[in-house]
Amino acid sequence: MYRTHTCGELRLDKKGSTVTLAGWIQRKRELGGMTFIDLRDRYGITQLVFNEKTPESVSQNLKTLGREFVIQVIGTVDERSSKNKNIPTGEIEINVKKLKILNSSLTPPFTIEENSDGGDDLRMKYRYLDLRRTPVKNNLLLRSKMSHLIRNYLIEQNFAEIETPDLMKSTPEGARDFVVPSRLNPGQFYALPQSPQIFKQLLMIAGFDRYFQIARCFRDEDLRADRQPEFTQIDCEMSFVEQEDILELFEGLIKHLFKDIKNLSLNDFPRLPYYDAMDLYGSDKPDIRFGMKIHEMTKFLKGKNFKIFDESEYIGGICAEGCGNYSRKQLNQLTDYVKRPQIGAKGLVYLKYNADGTFKSSVDKFYTTEDLKKWAEIFGAKAGDLILVLCGKKSKTQIQLGTLRLEIASKMKLTDNNIYKPLWVIDFPQFEWDQENNRWHAMHHPFTAPKDEDLPLLDTDPGKVRANAYDLVINGVEVGGGSLRIFHQDLQAKMFKVLGFTKESAEEQFGFLMNAFKYGAPPHAGIAFGLDRLVSMFAGLDSIRDVIAFPKNNAGRDMMNDAPSSISDIQLEELNIKVNLPKD
RNA sequence: GGUGCGGUAGUUCAGUUGGUUUAGAAUGACGGCCUGUCACGCCGUAGGUCACGGGUUCGAGCCCCGUCCGCACCGCCA
């Protein structure tokens with residue numbers, strides 16, 4: 001037996017008993033006549049003590065022990081004469097009688113501490129060492145706990161957990177596929193699933209009624225702090241339900257997680273139609289931890305001979321509370337911020353509501369004091385506030401205002417990571433216009449059911465069709481989304497037509513699904529949550545990398561094993577693949 | 001595909017306008033002293049291809065060009 005206890009469990013009640021522990025050496029403190037060692041495992045740290053009474057056979061080995069050696073000790077549980085209140089085992093220590101070195105260790109390239117001295121790339125290269133650190137370890141344990149809670153909740157609700165294939169058919173819609181060559185079918189490829197979407201719909205047709213899966217998904221697109229090439233979805237689908245049933249059941253799941261893990265009882269989630277979200281927050285995933293809502297000013301500010309405004313389709317602004325004391329320099333910085341090509345505003349108009357009640361604006365020669373006062377009233381501004389106004393094309397300007405709103409909020413530190421403000425964004429548009437390819441494409445996915453009352457618009461004005469689609473947003477992060485699905489073959493065929501598929505290509509790509517619809521497909525709907533984002537939110541992190549055991553970097557590389565890599569000529573030959581890299 | 005920031009000791013960083021001859025600090029490592037530490041303390045030692053390649057200059061860690069690598073973001077991600 002390697003151990004009788006873990007390094008996190010011994011307390012004073014075991015005083016006097018003989019125990020065996022195994023773990024890693026966190027730290028050694030030599031005080032001449034005596035030595036302390038902090039022994040660490042997944043469960044905690046227990047102090048070992050060695051002194052002049054320690055057997056010679058043990059103490060002679062002390063010198064050789066270094067950080068991260070793996071050792072096994074047998075000793076008695078003693079009460080400490082000076083206790084450490086900062087750790088759970090701080091009242092006891094192990095008086096070591098026997099010591100066995102199970103394995104030595106090189107000195108690790110960074111310190112295995114709560115706050116490591118290691119930089120990101122080094123810690124990624126030695127991920128297995130980084131995972132020994134308490135905060136990273138706890139993230140993975142949190143993830144495990146959340147997966148467990150989610151499974152239990154859904155299974156209690158009669159969901160069946162069913163696996164679907166990872167090797168599937170490439171489909172043209174959506175993200176770029178990761179592709180796997182088929183040796184048995186030369187020249188042909190599987191695709192890794194972007195999500196189990198079609199399979200779960202087929203499971204509904206098969207009559208499974210309530211399905212879920214904690215599924216790995218793959219999308220070959222560029223990465224971000226919150227986007228990995230492979231990520232995990234809590235994938236769910238239900239039959240014989242309406243939108244209301246889905247929202248209620250999964251709101252329950254999220255509340256359950258917050259209650260169990262954070263001991264927070266969340267209020268019912270507000271619901272915000274997509275266009276309201278854009279009007280008020282300039283985003284389809286608004287952060288509603290703070291207000292600073294967008295106010296449209298088009299009518300009010302036009303017609304005063306300020307040419308830029310007069311020529312704009314839309315004028316809108318936000319009120320930054322307490323920023324009225326911004327200096328010229330700070331305002332210039334904000335102007336530069338919105339003019340960066342990534343945001344693309346042409347300029348920034350401000351209205352300062354000075355502490356003394358006067359107004360100062362970059363455009364005050366076009367407006368009377370009375371105008372400026374009304375202007376401030378529309379925003380509900382107080383003395384000491386700063387109003388920032390952008391103008392241009394409506395939807396573009398709203399998005400710019402939304403970005404500016406987040407920038408101001410982060411400058412003013414309005415985003416407390418211990419506060420959680422979830423909401424449902426509903427009534428998404430069915431289609432987005434794809435300028436590059438000059439066609440409509442599905443905003444959610446091509447299987448999403450349009451609102452019944454908007455069906456006539458499919459032929460006349462697709463851009464106005466609203467979908468039965470919904471997203472769950474928490475603190476400005478899209479943590480989940482789903483929709484009611486099309487379950488009639490003719491409507492699905494029509495959808496493909498609007499999306500620009502010919503009858504033949506729709507048949508070739510999705511014939512099996514439309515065929516399945518002919519055999520009694522029940523009405524069904526579903527939702528999927530991003531587990532990585534959900535866990536990182538519960539862990540209070542902005543990046544999902546630290547809730548993934550072995551994540552990939554910016555460029556999709558695994559920095560530990562340096563995947564992806566080239567493969568041997570033999571492998572290529574078996575697959576009938578010729579690599580054709582661009583020259584230079 | 002694009003924008004920005006960064007790369008100096010094992011590690012995290014400092015390094016002024018291009019010029020004090022030997023590129024610093026902290027931490028880690030190693031050696032010594034120390035019987036109640038828990039970020040132990042004290043003394044000492046070793047440790048550098050200043051990412052790589054080119055250029056400007058009397059002189060480059062510092063300026064310029066290119067490459068590589070990391071991070072954040074835009075495009076992209078139904």
Side-chain angles (χ1 to χ4, degrees), chain A residues 26-40 45-54 63 66-68 78-87 89-91 93 106-126 129 171-177 194-195 197-198 217-229 231 336-337 340-344 399-400 403 406-407 428-432 434-436 440-448 467 469 471 478 481-483 495 499 528 530 542-543 545 553-555 557 559 562 584:
Chain A
Q26 174 82 12
R27 194 179 287 118
K28 188 164 69 164
R29 291 179 293 277
E30 293 176 289
L31 281 75
M34 64 193 319
T35 297
F36 299 101
I37 284 177
D38 289 342
L39 192 68
R40 183 198 71 236
I45 283 180
T46 297
Q47 176 166 284
L48 313 177
V49 64
F50 306 79
N51 54 27
E52 85 280 2
K53 290 178 194 148
T54 302
K63 200 80 203 162
R67 283 162 53 206
E68 302 305 315
D78 283 3
E79 182 170 3
R80 292 201 201 182
S81 61
S82 52
K83 299 187 169 64
N84 182 350
K85 292 200 173 94
N86 298 319
I87 60 171
T89 62
E91 291 194 311
E93 63 194 356
L106 294 175
T107 303
F110 53 87
T111 57
I112 315 288
E113 303 281 347
E114 193 101 357
N115 294 304
S116 175
D117 64 359
D120 289 343
D121 36 346
L122 197 66
R123 284 174 22 231
M124 282 301 168
K125 188 172 172 191
Y126 297 91
L129 296 180
T171 52
E173 283 283 303
R176 203 173 284 118
D177 284 324
Q194 299 172 26
S195 85
Q197 181 60 36
I198 293 177
C217 306
F218 305 86
R219 294 179 190 175
D220 186 11
E221 296 293 345
D222 285 5
L223 308 174
R224 293 285 188 281
D226 63 348
R227 272 164 32 191
Q228 285 274 301
F231 61 98
D336 290 344
Y337 175 78
R340 282 165 32 187
Q342 298 186 357
I343 297 179
I399 292 167
Q400 291 166 350
T403 311
L406 292 178
E407 169 72 8
F428 276 81
Q430 182 83 30
F431 303 104
E432 275 176 315
D434 178 350
Q435 289 216 318
E436 217 166 297
W440 293 105
H441 79 226
M443 195 158 178
H444 188 58
H445 58 52
F447 317 108
T448 299
D471 275 359
E478 182 202 327
S483 62
M495 187 58 60
L499 290 169
D542 291 325
S543 167
R545 285 182 206 165
N553 77 357
N554 256 347
R557 295 203 79 84
M559 293 173 73
D562 206 33
D584 95 49

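Just so we're clear, the structure is a prediction, and the values are computed from it rather than from any experiment.
Contact annotation: side chain of A:R227 to base of B:C77, donor-acceptor pair present below 3.5 Å. Judged by distance alone, with hydrogens and angles left aside, A:R224 brings no side-chain donor or acceptor close enough to the base of B:C71 to form a pair under 3.5 Å. Donor-acceptor pairing under 3.5 Å, judged by distance alone, is present between the side chain of A:D222 and the base of B:G75.
Between A:R67 and A:I112 the shortest heavy-atom distance is NH2-N, 4.3 Å. The shortest non-hydrogen separation linking A:A175 to A:Q194 is O-NE2, 2.7 Å.
The residue A:R123 sits apart from the nucleic acid: no heavy atom pair falls under 4.0 Å. As judged by a 4.0 angstrom heavy-atom cut-off over every strand, A:T448 is placed among residues making no nucleic acid contact. No contact: A:Q430 has no heavy atom under 4.0 Å from any strand.
Every residue meeting the side chain to side chain donor-acceptor pair (under 3.5 Å) condition with A:H445, not counting sequence neighbours, appears here in chain and number order: A:Q197, A:T448, A:R485.
Look at A:R40 and you won't find any side-chain N or O under 4.0 angstrom from OP1 or OP2 of B:C38. Within the 4.0 Å cut-off from OP1 or OP2 of B:C71, at least one side-chain nitrogen or oxygen of A:N554 is found. Within the structure, a side-chain polar atom (N or O) of A:N553 is placed less than 4.0 Å from OP1 or OP2 of B:G70. Here A:R67 does not reach the OP1 or OP2 of B:G28: none of its side-chain N or O atoms lies under 4.0 Å away.
The aromatic rings of A:Y126 and A:F110 sit perpendicular to each other, their planes meeting at more than 60°, with 30° as the lower class boundary.
In this structure, the CD atom of A:E436 is 13 Å from the P atom of B:G75, given to the nearest Å. Distance CG (A:D117) to C1' (B:A9): 13 Å, rounded to an integer number of Å.
By the neighbour-count criterion of 12 heavy atoms within 6.0 Å, atom CG of A:N115 is sparsely surrounded, having that number or fewer from other residues, nucleotides or ligands.
Here the nucleotide nearest the side chain of A:R545, chosen from B:A72, B:G32, B:C38, is B:A72.
No side-chain donor-acceptor contact under 3.5 Å links A:S116 to the backbone of A:E113.
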Checklist outcome for this item: Nucleotide by nucleotide, nucleotides 39-44 of chain B touches protein heavy atoms under 4.0 Å in the pattern (B base, S sugar-phosphate only, - none) SB----

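In a base pair of the Watson-Crick type (N1 to N3 plus N6-O4 or O6-N4) or a G-U wobble (N1-O2 and O6-N3), with each distance short of 3.5 Å, B:C5 is matched with B:G70.
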